[in-house]
2 protein chains.
Amino acid sequence: MDAEVQESLDLEKALKAIASPRRLQIMQWLQDVAANFPAQVHGDPVEHGACNLFITDKLEVSQPAASRHMKVLVEAGLVVPTARSGWVYYRRNEPAVDALKHRLLAL
Amino acid sequence: MDAEVQESLDLEKALKAIASPRRLQIMQWLQDVAANFPAQVHGDPVEHGACNLFITDKLEVSQPAASRHMKVLVEAGLVVPTARSGWVYYRRNEPAVDALKHRLLAL
DNA sequence: GGACTCCATAACGACTTTGCTCTATCGTTA
DNA sequence: TAACGATAGAGCAAAGTCGTTATGGAGTCC
């Protein structure tokens with residue numbers, strides 16, 4: 001366990017981030033981008049993650065609503081955004097997710 | 001892992017229950033009732049848990065506010081209340097907590 | 001340049017959360 | 001019986017959440 005990642009994790013923020021059906025769902029989808037989202041022209045599924053547009057479509061909410069959900073996840077440190085020529089891709093921040101699990105095991 | 005406990009766990013409810021500084025704190029206090037609360041005349045710390053009154057005092061909120069926090073934890077299944085001659089004692093529901101951890105490890 | 005797509009932010013409304021105070025209930029005790 | 005202490009519920013206000021539509025910036029394509 002990386003001590004720096006562990007310390008930087010805001011437990012309350014991370015818990016609130018995933019204590020939402022939509023965002024929990026997103027985290028699960030992002031576990032396997034290639035399997036859960038359409039093929040992407042740009043942006044490698046593994047390296048960069050899923051295109052924001054696909055996430056919005058799957059969530060079946062408006063684009064601003066999806067945008068805000070992603071922002072919550074990013075600010076909780078659980079997801080990493082990659083802006084690339086107009087598109088934004090999101091991938092899980094696995095060290096942070098592991099840190100969250102580790103903290104929760106101590107509860 | 002008890003399959004019945006596992007299935008009965010409402011993940012979203014449990015997450016929302018602990019995604020609150022106060023309630024997270026309560027769960028941590030209840031890990032060691034004898035160490036975190038004054039000695040109780042009635043109600044065994046291990047068997048029954050901590051007296052609601054002590055929890056209210058430690059939280060430093062009004063009695064109804066503490067009462068409602070405990071209700072949220074009970075309804076999430078994470079805590080078990082024991083009513084005993086006017087007082088209510090709360091203890092952690094360890095199987096449910098373990099079930100929650102188990103579910104979160106899959107995220 | 002002009003039209004288009006993608007994304008983020010602002011503004012709004014409905015609903016939920018969380019604190020408070022006041023009140024009712026219930027068991028113990030004088 | 002009457003008084004007291006612990007708890008839960010009702011009612012209220014402030015703040016947060018989550019959805020929407022409207023708007024504007026940034027990049028792509030003709």
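Chain identifiers are assigned alphabetically (A, B, ...) following the order of the sequence lines, protein sequences preceding nucleic acid strands; residue numbering begins at 1 within each chain.
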*Asks:* Once you round it to whole Å, what is the distance between C1' of D:dT7 and OH of B:Y89?
*Replies:*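 So the OH-C1' distance, B:Y89 to D:dT7, works out to 13 Å.
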
*Asks:* To the nearest angstrom, how far is A:L73 atom CG from C:dA8 atom P?
*Replies:*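 That distance rounds to 12 Å.
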
*Asks:* Could you state the atom-to-atom distance from CH2 of A:W87 to C1' of D:dC29 in whole Å?
*Replies:*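 One finds 10 Å between C1' of D:dC29 and CH2 of A:W87, rounded.
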
*Asks:* Would you indicate which nucleotide in D:dA6, D:dG9, C:dC7 comes nearest to any side-chain atom of B:K71?
*Replies:*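 Closest nucleotide to the B:K71 side chain: D:dG9.
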
*Asks:* Grab the CE-P distance between A:M70 and C:dC6 for me, whole Å please.
*Replies:*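 That distance rounds to 17 Å.
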
*Asks:* Report each atom pair, protein N/O against N/O of nucleotides 16-20 of chain D, whose distance is under 3.5 angstrom.
*Replies:*
residue	atom	partner	partner atom	Å
D:dC18	OP2	A:R23	NH1	3.1
D:dC18	OP2	A:R23	NH2	3.3
D:dG19	OP1	A:R22	NE	2.6
D:dG19	OP1	A:R22	NH2	3.3
D:dG19	OP2	A:H69	NE2	2.4
D:dG19	N7	A:R68	NH2	2.4
D:dG19	O6	A:R68	NH2	3.4
D:dT20	OP2	A:S62	N	2.9
D:dT20	OP2	A:S62	OG	2.6

*Asks:* For A:E12 and C:dT17, give me the distance from atom CD to atom C1', rounded to whole Å.
*Replies:*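 Atom-to-atom, A:E12 to C:dT17, this comes out as 13 Å.
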
*Asks:* Mind calculating the distance between CG (A:L53) and C1' (D:dG27) to the nearest angstrom?
*Replies:*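 That distance rounds to 15 Å.
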
*Asks:* In whole angstrom, give the distance that lies between atom CD of A:E75 and atom P of C:dA8.
*Replies:*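 After rounding, the gap between these two atoms is 11 Å.
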
*Asks:* For A:T56, check side-chain contact (heavy atoms from CB on, under 4.5 Å) against everything at least two apart and list the hits.
*Replies:*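 Counting only residues at least two positions away or on another chain, A:T56 forms a side-chain contact (heavy atoms from CB on, under 4.5 Å) with A:N52, A:Q63, A:A66.
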
*Asks:* Listing request: all side chain to side chain donor-acceptor pair (under 3.5 Å) pairs with a residue in residues 68-78 of chain A, at least two apart in sequence or in separate chains.
*Replies:*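 Listed once each, the pairs are A:R23-A:H69.
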
*Asks:* Who are the side-chain contact (heavy atoms from CB on, under 4.5 Å) partners of B:P81, not counting sequence neighbours?
*Replies:*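 Scan of B:P81 (side-chain contact (heavy atoms from CB on, under 4.5 Å), adjacent residues dropped) gives B:V74, B:V88, B:Y90.
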
*Asks:* Report whether A:L53 and A:M70 are members of the same hydrophobic cluster (ILVMFWY, side-chain heavy atoms less than 4.5 Å apart, transitive linking).
*Replies:*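 No, it is not one cluster - the side chains of A:L53 and A:M70 are not joined through contacts under 4.5 Å.
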
*Asks:* Residues two or more places apart in sequence or in another chain: which of them pass salt bridge (charged side-chain N to carboxylate O under 4.0 Å, His left out) with B:R22?
*Replies:*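 Once residues adjacent in sequence are excluded, B:R22 has no partner under the salt bridge (charged side-chain N to carboxylate O under 4.0 Å, His left out) criterion.
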
*Asks:* Return the value, rounded to whole Å, for the distance between atom CG of B:N52 and atom P of D:dG9.
*Replies:*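 The distance from CG of B:N52 to P of D:dG9 comes to 12 Å, rounded to the nearest Å.
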
*Asks:* Please list, chain by chain and in numerical order, all residues satisfying side-chain contact (heavy atoms from CB on, under 4.5 Å) with B:L24, sequence neighbours excluded.
*Replies:*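 Applying side-chain contact (heavy atoms from CB on, under 4.5 Å) to B:L24 gives A:L11, A:L15, A:L107, B:I18.
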
